[in-house]
Amino acid sequence: MPTGGVLGTGASALLAFQRAMSTVGHNVANATTPGYSRQRVEFEARAGQPGRISIGQGVDVDNLRRLADGLVYARQLDSAGEMGRLTQMTGLSSRVDKLISDPTTGLATAWSSFFSAAKGVVADPTSTAARSQMLTTGGQLATRWRSLDGHLTQLGNEVEASLKDNITAANQLAGEIANLNRDIIASGDNASPDLLDQRDLRVGQLSALVGAEGVLQDDGAMNVFTIGGQPMVLGARAMQLSTVADPYQANRAQLAVQSPAGPVPLPAGAVSGAIGGLLEFRSNVLDPARAELGRLATAFAETFNATQRGGVDYAGNPGTDFFTLPDPKVYPHSGNAAASTASFATSLADVGALTGNNLLLRFDGAAWSAARADTGQAVAMTGSGTGADPFVVDGVNLVLSGAATAGDRFLLQPTAAAAGGIQLALTDPGQIAAAAPMTVGLDAGNIGNVSGGTASVTDPALFAGFTSANISFIDANTYTVDGGPPIAYAPGDTITGSGWSLVLKGNPAAGDEINLGRTGPRSSDNANARLLAAVDAKAVLNGGRTDVTAGMSQLTARVGGDARHAQLNLDAQQVMDDQILAERESVSGVNLDEEATNMLRYQQAYQAAAQVIATADTMFQALLGAVRR
């Protein structure tokens with residue numbers, strides 16, 4: 001073999017193995033670099049010259065290969081989006097669960113203390129201390145409701161801030177991916193593996209924020225789309241996410257994408273990842289929790305107030321409201337016609353019909369309709385909207401004023417603001433209506449088994465002039481009040497008079513008489529106090545099937561279930577994510593033992609190549625010496 005061939009062969013080997021050792025060193029240096037994919041030098045033998053005996057001419061570096069699996073990477077993107085979504089759902093849902101279930105922040109302790117104090121008034125209705133304790137614990141219960149709602153509101157504010165921060169981060173990543181695409185396109189087939197790693201790392205980080213899918217293009221660029229098909233990166237161009245104000249509530253952000261015409265709102269399912277988790281938590285956990293908390297506050301306060309108004313206080317006056325509540329809220333859509341002057345006055349119609357669901361009210365130019373804001377399901381709406389015949393929808397009265405135009409929309413929140421606005425109305429312990437408004441006297445000659453009755457004030461103004469009344473039964477099914485016209489009666493019916501009502505205990509007989517008298521001041525009667533102390537067990541929710549205590553337990557169970565469900569899903573996804581990471585590491589990860597072996601092998605080959613060059617030099621020097629002789 002000519003000495004030049006030996007020298008060339010040795011030189012090619014020396015350069016090739018030097019490149020191989022550099023690559024091994026690069027792998028070792030980036031063993032802990034996030035997103036780094038192992039690189040490998042691939043060799044190709046130099047062929048001999050045509051027409052001669054085929055003797056190789058050495059070796060060339062054919063390719064610097066980046067070891068990566070596209071299918072594993074696609075799965076990694078999917079998992080990153082789910083991990084981002086479930087991490088947000090789990091962390092935030094568990095905070096709601098702790099707020100509602102913890103004895104320090106929840107309602108249970110204050111609820112129990114209030115009804116224990118009410119039982120104290122039952123035991124001694126003339127005790128100022130007992131009445132004061134009931135008033136104090138009532139204020140504490142209202143404060144606890146407001147505080148709990150305030151914590152949920154603060155959590156909502158954190159969601160709004162996190163949403164904007166994550167959108168800023170997503171936009172930055174999209175811009176960096178677009179810049180990397182530009183550099184990769186410019187490099188053609190010689191794009192650096194490290195450049196590809198940097199792009200894949202950022203696409204993975206973007207997926208953790210919005211849920212992403214990468215689509216490789218023929219020019220080497222990667223287009224990135226969200227799970228809803230919204231483009232985030234197209235070649236060297238990045239799309240920008242933003243927020244717009246909710247058309248019903250200006251302080252609430254909606255996700256949007258920037259377009260030449262301005263921001264365009266995106267539907268709820270357009271993104272996943274951390275941003276999708278924030279939006280899902282807000283709509284599926286936080287909003288329902290606040291609405292249900294408000295529904296419980298409304299049911300409790302309205303029922304307790306109604307019972308309080310049915311009795312008389314220590315001064316003998318009809319009871320007044322124990323608590324105050326804000327009315328249901330109605331918000332107009334920001335896109336309603338400028339000519340529209342429509343607005344609604346709201347009030348509670350029926351506690352048992354309250355669902356707490358937010359509703360959308362629409363006017364088509366001829367009629368109004370209602371639908372659930374979350375599902376779009378139609379909801380029955382009755383009435384004409386006047387003061388005499390208000391609209392009634394999901395237990396709420398709506399009185400329309402002004403002129404509506406076709407296309408007008410309103411958001412009705414029946415209970416979302418109730419827990420945050422409940423207040424103690426009474427200031428004087430003597431105003432607690434512990435006594436029944438009337439005494440029920442039974443004639444000595446009665447032959448029925450009536451043993452008394454439950455009396456209530458129905459109209460304080462009319463009851464103000466009440467002093468006494470006589471109920472006389474003509475027969476078991478007919479009675480008169482103060483000699484008035486006969487009135488049909490069935491056991492359990494409510495007997496009414498001027499500002500009062502009475503439900504008898506037992507069944508009357510013909511000739512029975514009941515004499516009613518007004519309860520005087522400083523009465524020791526506790527009939528109405530017993531009713532007040534039993535409000536916690538009174539079934540008033542869900543059409544009269546559920547009491548407020550059970551409702552609170554159901555709320556606690558529901559938010560706890562949401563938190564547990566999110567945690568289980570996160571745990572399952574974490575297992576899958578770990579498996580995908582292990583698969584990636586098996587292909588792309590750097591094994592230091594393997595790299596050490598490769599380094600030793602290439603080092604030995606490099607030394608051998610150097611020996612080939614030294615041999616070629618010796619041969620060349622011997623040849624020169626022979627020529628000189």
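Both backbone and side-chain heavy atoms feed into the values below; hydrogens, waters and symmetry mates do not.
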Pairing donors with acceptors under 3.5 angstrom, does anything connect the side chains of [X] and [Y]?
X	Y	result
Asn305	Thr307	no
Asp389	Ser384	yes
Arg131	Thr128	no
Thr104	Asp102	yes
Gln573	Asn569	no
Asn515	Asn470	yes
Thr496	Ser501	no

Side-chain donor or acceptor of [X] paired with backbone N/O of [Y] under 3.5 Å:
X	Y	answer
Asp525	Ala436	yes
Arg518	Ala464	yes
Asp512	Ile447	yes
Ser523	Thr519	no
Gln431	Asp428	yes
Ser94	Gly91	yes
Ser283	Leu279	yes
Ser112	Ala108	no
Asp547	Ala550	yes
Thr556	Ser101	no

Assess whether ring-ring contact (aromatic ring centres under 6.0 Å, His included) is satisfied between Trp500 and Phe463, documenting all intermediate values.
CA-CA 6 Å; Trp500 56 266; Phe463 187 75; 8.5 Å; no
Between [Y] and [X], is there a side-chain heavy-atom distance shorter than 4.5 Å?
X	Y	answer
Leu152	Leu99	yes
Pro288	Arg558	yes
Leu398	Pro390	no
Leu86	Gln574	no
Leu570	Met89	no
Leu155	His151	no
Asp536	Val548	no
Glu292	Arg295	yes

How close do [X] and [Y] get, heavy atom to heavy atom, and via which atoms?
X	Y	value
Ala245	Ala250	CB-O, 3.6 Å
Val244	Ala256	CG1-CB, 3.9 Å
Gln254	Pro247	OE1-CD, 3.7 Å
Ala130	Val121	O-CG2, 3.5 Å
Val540	Ala299	CG2-CB, 4.2 Å
Val159	Leu278	CG1-O, 3.9 Å

Check this for me, if you would: do [X] and [Y] make a salt bridge, where the nitrogen-to-carboxylate-oxygen distance has to be below 4.0 angstrom?
X	Y	answer
Glu158	Arg95	yes
Asp149	Arg290	yes
Arg309	Asp321	yes

Between Glu82 and Asp577, does the side chain to side chain contact (heavy atoms under 4.5 Å, CB included) criterion hold? Intermediate values first, please.
CA-CA 9 Å; Glu82 275 298 280; Asp577 191 68; over 6 Å; no
Can you check side chain to side chain contact (heavy atoms under 4.5 Å, CB included) on Asn446 and Val450, steps first, answer last?
CA-CA 8 Å; Asn446 288 354; Val450 173; 5.7 Å; no
Listed partners of Phe115 passing ring pair (Phe, Tyr, Trp, His ring centres under 6.0 Å), at least two apart:
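For Phe115 the ring pair (Phe, Tyr, Trp, His ring centres under 6.0 Å) partners, ignoring immediate neighbours, are Trp111.
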Full working for side chain to side chain contact (heavy atoms under 4.5 Å, CB included) between His333 and Leu411:
CA-CA 7 Å; His333 192 282; Leu411 173 68; over 6 Å; no
Centroid-to-centroid, [X] to [Y], below 6.0 Å?
X	Y	result
Phe304	Phe114	yes
Tyr331	Phe410	no
Trp368	Phe344	yes

Nearest 0.5 Å, what's the [atom1]-[atom2] distance between [X] and [Y]?
X	Y	atom1	atom2	value
Thr324	Leu424	OG1	CG	8.0 Å
Thr243	Arg252	OG1	CZ	13.0 Å
Asn166	Leu255	CG	CG	11.0 Å
Lys538	Thr549	NZ	OG1	13.5 Å
Tyr489	Ile495	OH	CD1	5.0 Å
Gln567	Thr87	CD	OG1	9.5 Å

Test log, rule side chain to side chain contact (heavy atoms under 4.5 Å, CB included), inputs Lys98 and Thr105
CA-CA 8 Å; Lys98 290 177 182 177; Thr105 57; over 6 Å; no
Test side chain to side chain donor-acceptor pair (under 3.5 Å) on Asp124 and Thr126; report intermediate values, then the result.
CA-CA 6 Å; Asp124 189 357; Thr126 62; 2.9 Å; yes
Just to verify, which of Thr415, Asn542, Asp394 counts as forming a side chain to side chain donor-acceptor pair (under 3.5 Å) with Thr355?
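Checked Thr415, Asn542, Asp394 against Thr355; only one passes side chain to side chain donor-acceptor pair (under 3.5 Å): Asp394.
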Glu280: which residues meet the salt bridge (Lys or Arg N to Asp or Glu O under 4.0 Å) condition with it, sequence neighbours left out?
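Arg85.
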